[in-house]
Amino acid sequence: MLRLHDTATGTVHPLVQRDAGRVSIYVCGPTVYDLPHLGHGRYALVFDVLRRFLLFSGLEVHYVSNVTDVDDHIIDRAAAEERTEADVAAEYEARWWEAMDALGVLRPDDTPHATGYVADMVSLVAGLQGRGVAYETSDGVYLSVDRIAGYGLLARQPLESLRAGARVAAGEEKRSPLDFVLWKKAKPGEPSWPSPWGPGRPGWHTECVVMSLDLLGDGFDLHGGGQDLAFPHHENERAQAVADGRDFAHHWMHNGWVMVGGEKMSKSLGNFTSLTDLLGRRDPRAYRLLVLRSHYRSPIEVTDVTVSDAEKGLERLDGLARRFALPDVLDAAPGGFVVAGTGAATDADADAVARFNEAMEEDLDTPSALAAIFELVSRAHSVADGGGPRDPAAVRTAGTVAVLCGALGLPLRAGTGEVDDASASLAAERDQARRERDWDRADAIRDRLVAGGWTVEDGPQGTVLRR
RNA sequence: GGCGGCGUGGCCGAGUGGUUUAGGCAGGGGCCUGCAAAGCCCCGUACGUCGGUUCGAUUCCGACCGCCGCCUCCA
């Protein structure tokens with residue numbers, strides 16, 4: 001049984017399933033007004049790994065993640081670029097999925113869009129107003145936070161201390177500084193939908209309540225996102241659900257920051273690197289490995305050094321795949337993973353698989369899970385050094401590595417990459433020179449290849465080139 | 001001001017009240033190799049500071065120092 005840290009309690013406890021064998025998850029997705037940055041990439045990877053591990057464990061998963069396609073940022077960008085809001089949202093949503101595909105993040109089972117749920121949101125807000133927990137002002141409708149039992153649950157502090165630190169903007173008509181907007185009245189030129197309060201648009205915190213409950217139902221298992229969503233976003237979602245008398249998420253999971261030079265990466269600090277940029281320059285799998293190398297709740301530094309470090313780790317895994325010509329296991333049906341030879345595997349293999357599972361089940365301890373994998377890598381090589389790459393025990397161990405990596409969404413690459421004709425003929429020339437024991441010529445050719453960016457290895461069939 | 005997190009060997013980064021090590025990267029030595037590369041073997045007595053509990057603490061408790069974050073849009 002998977003145990004996970006729960007933001008609501010501050011403890012690690014079992015992820016209880018409302019429906020046995022089936023896990024329902026809602027993860028807050030992107031607001032599509034700009035390129036995704038590394039922080040988006042991290043949360044997407046963290047929850048992708050969670051989802052894959054649940055599938056790997058034989059569970060069914062209903063994974064829902066939204067796209068916020070109506071929002072002030074989108075409106076601002078559209079105005080600045082003299083485009084429609086829909087046009088801006090469509091462009092950046094497309095860029096989002098490109099990045100997700102590059103990262104190997106599985107598509108959600110459902111991807112609700114805020115604009116598709118406006119009528120339901122209006123109903124919710126009207127209902128809240130009817131119950132007297134929401135009130136109208138000149139610019140919108142707000143929720144009265146002090147009417148909510150347990151407000152502050154996810155912030156992990158009581159309402160009073162939250163209120164003490166709250167900043168108050170001038171000219172606000174809110175009754176309490178923590179009250180938040182449910183509905184925004186449209187200004188001229190802004191996109192709008194009809195409502196009892198006149199034309200307007202929903203506030204950000206409302207969409208996820210409506211969409212998660214609609215698609216997953218009351219009392220769904222897990223709600224997640226980046227740490228910065230815990231408060232106020234998730235707190236406010238929960239507040240609405242509570243006020244509406246609904247049973248909301250039973251478990252809350254939040255991942256830690258991407259840091260830059262010791263500071264949180266964020267839009268407001270302007271210190272962000274776009275995910276699109278990183279994926280264009282580096283092996284996308286390196287970012288996944290980098291994310292997996294630290295615990296999901298710890299901050300991670302993403303720098304050239306840490307990315308390079310991850311790439312070298314990846315090289316070690318790919319090296320194993322090359323030696324054993326391991327197939328790409330990622331294409332296997334997500335729920336159909338079978339741990340290679342679990343029954344027939346050596347005790348050492350079974351032990352490593354057990355350690356992998358135990359690590360993952362204890363709050364997704366991916367660093368320890370990776371340690372188990374790397375130990376298998378060493379042993380596969382070690383056994384093959386004695387019995388050759390066809391040695392059944394070595395092959396089985398290597399296969400286990402591929403399966404476990406697959407469970408983490410990390411495909412291994414056995415190929416050496418495209419080798420151009422000129423380089424291939426140089427390699428052939430070198431092999432000829434080596435057969436003639438003309439070492440000077442062979443080494444000169446190798447130097448040329450290395451200068452051309454190749455890694456040159458002597459394999460059983462002669463020179464092997466790879467980038 | 002309130003609340004929370006973190007401080008592990010050159011770097012990254014798990015974990016644990018003591019008996020044998022996380023793991024990766026880098027570095028040193030050896031094996032293999034025509035030489036390399038890849039791979040294998042061996043190597044580093046690390047746990048912020050000061051106290052306390054304990055037979056024994058990096059691991060528990062307290063204080064302190066330092067760093068980071070949330071309380072505002074933010075993954």
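Throughout, protein chains are lettered first and strands after them, A, B, ... in sequence-line order, and every chain is numbered starting at 1. This is a predicted model, so every value here is computed, not measured.
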task: For B/rA46 versus B/rC55, give the span between their C1' atoms, rounded off to a whole number of Å.
output: 25 Å
task: Report the distance from atom NE2 of A/His37 to atom C1' of B/rA75, rounded to the nearest whole Å.
output: 6 Å
field: Mate of B/rU20 where both pairing distances stay under 3.5 Å, Watson-Crick or G-U
entry: none
- request: Using a 4.0 Å heavy-atom cut-off across all strands, classify A/Val258 as base, sugar-phosphate, or nothing.
  value: base
field: Identified side-chain hydrogen bond (donor to acceptor under 3.5 Å, both in side chains) counterpart of A/Asp363 within the set A/Arg297, A/Arg3, A/His5
entry: A/Arg297
task: Going 5' to 3' through nucleotides 33-39 of chain B, assign each nucleotide B (protein heavy atom under 4.0 Å from a base atom), S (under 4.0 Å only from sugar-phosphate atoms) or - (no protein heavy atom that close).
output: -BBBBSS
- prompt: P atom, B/rA38 versus B/rC6: distance in rounded Å?
  reply: 38 Å
- request: Identify the nucleotide, in any strand shown, that forms a Watson-Crick or G-U wobble pair with B/rG69, with both distances under 3.5 Å; if there is none, say none.
  value: B/rC3
- request: Rounded off to whole Å, could you give me the CZ-to-P distance for the A/Arg379 and B/rG23 pair?
  value: 13 Å
message: Taking B/rG13 as the reference, what is the distance to B/rC68 when you measure between their P atoms (whole Å, please)?
response: 16 Å
- line: Side-chain contact check for A/Glu375: nearest option of B/rA22, B/rA75, B/rC73 is B/rA22
- prompt: Can you tell me how far P in B/rA63 sits from the matching atom in B/rG2, rounded to whole Å?
  reply: 14 Å
Separation of B/rU72 P from A/His234 NE2 (nearest whole Å): 17 Å
- prompt: Starting at CH2 of A/Trp252 and ending at C1' of B/rA75, how long is that distance when rounded to a whole Å?
  reply: 15 Å
message: Between B/rC50 and B/rU58, how many Å separate the two P atoms, rounded to a whole number?
response: 11 Å
query: For the pair made of CG in A/Leu317 and C1' in B/rG23, what is the distance, rounded to whole Å?
result: 12 Å
task: Measure the distance from CG on A/Leu269 to C1' on B/rC73 and round it to the nearest whole Å.
output: 12 Å
Greater than 12 external heavy atoms within 6.0 Å of A/Arg390's CZ: no
query: Could A/Arg446 and A/Asp458 be called an ion pair, given the rule that one side-chain N must be under 4.0 Å from one carboxylate O?
result: no
message: Tell me the interatomic distance from A/Glu358, atom CD, to B/rA22, atom C1', rounded to whole angstroms.
response: 14 Å
- prompt: If you look at every strand shown and take non-hydrogen atoms under 4.0 Å, does A/Lys312 touch a base, only sugar-phosphate, or nothing?
  reply: sugar-phosphate
field: Rounded distance in Å between the P positions of B/rG48 and B/rC70
entry: 25 Å
- prompt: Can you give one letter per nucleotide of nucleotides 2-14 of chain B, going 5' to 3': B for a protein heavy atom under 4.0 Å from the base, S for sugar-phosphate only, - for none?
  reply: BS--------SSS
query: Are any of the side-chain heavy atoms of A/Tyr296 and A/Asn255 separated by less than 4.5 Å?
result: yes
A/Val307 side chain reached by A/Arg281 side chain, heavy atoms, under 4.5 Å: no
task: Answer whether the closest heavy-atom distance between the side chains of A/Phe324 and A/Arg396 falls below 4.5 Å.
output: no
- prompt: Paired with B/rG34: which nucleotide, if any, by Watson-Crick or G-U wobble criteria at under 3.5 Å for both distances?
  reply: none
query: Base, sugar-phosphate, or nothing: which does A/Gly386 touch, judged by heavy atoms less than 4.0 Å apart?
result: nothing
query: Do the non-hydrogen side-chain atoms of A/Asn66 and A/Tyr117 ever get within less than 4.5 Å of each other?
result: no
- prompt: When all nucleic acid strands are considered with a 4.0 Å heavy-atom cut-off, which category describes A/Met259: base, sugar-phosphate, or nothing?
  reply: sugar-phosphate
- request: Would you mind reporting whether A/His381 and A/Leu320 have side-chain heavy atoms less than 4.5 Å apart?
  value: yes
query: Is a salt bridge present between A/Arg355 and A/Asp351, judged by a nitrogen-to-oxygen distance below 4.0 Å?
result: yes
query: Roughly how many Å is it from CG in A/Leu154 to P in B/rA75, rounded to a whole number?
result: 17 Å
Complementary nucleotide for B/rC47 - Watson-Crick or wobble, under 3.5 Å: none
Indicate every side-chain donor-acceptor pair of residues 99-111 of chain A with a distance under 3.5 Å to a residue at least two apart or in another chain.
{"from": "A/Asp101", "atom 1": "OD1", "to": "A/Arg107", "atom 2": "NE", "distance (Å)": "3.2"}
{"from": "A/Asp101", "atom 1": "OD1", "to": "A/Arg107", "atom 2": "NH2", "distance (Å)": "3.4"}
{"from": "A/Asp101", "atom 1": "OD2", "to": "A/Arg107", "atom 2": "NH2", "distance (Å)": "3.0"}
{"from": "A/Asp109", "atom 1": "OD1", "to": "A/Arg51", "atom 2": "NH2", "distance (Å)": "3.3"}
{"from": "A/Asp109", "atom 1": "OD2", "to": "A/Tyr63", "atom 2": "N", "distance (Å)": "2.7"}
{"from": "A/Asp110", "atom 1": "OD2", "to": "A/His62", "atom 2": "NE2", "distance (Å)": "2.6"}

field: Whole-Å C1' distance, B/rG18 and B/rU54
entry: 11 Å
- prompt: Which part of the nucleic acid, if any, lies within reach of A/Glu263 when heavy atoms closer than 4.0 Å are counted: base, sugar-phosphate only, or nothing?
  reply: sugar-phosphate
task: Go through the steps for A/Val401 and A/Leu412 under the test side-chain contact (heavy atoms from CB on, under 4.5 Å), then give the verdict.
output: CA-CA 9 Å; A/Val401 170; A/Leu412 302 185; 4.2 Å; yes
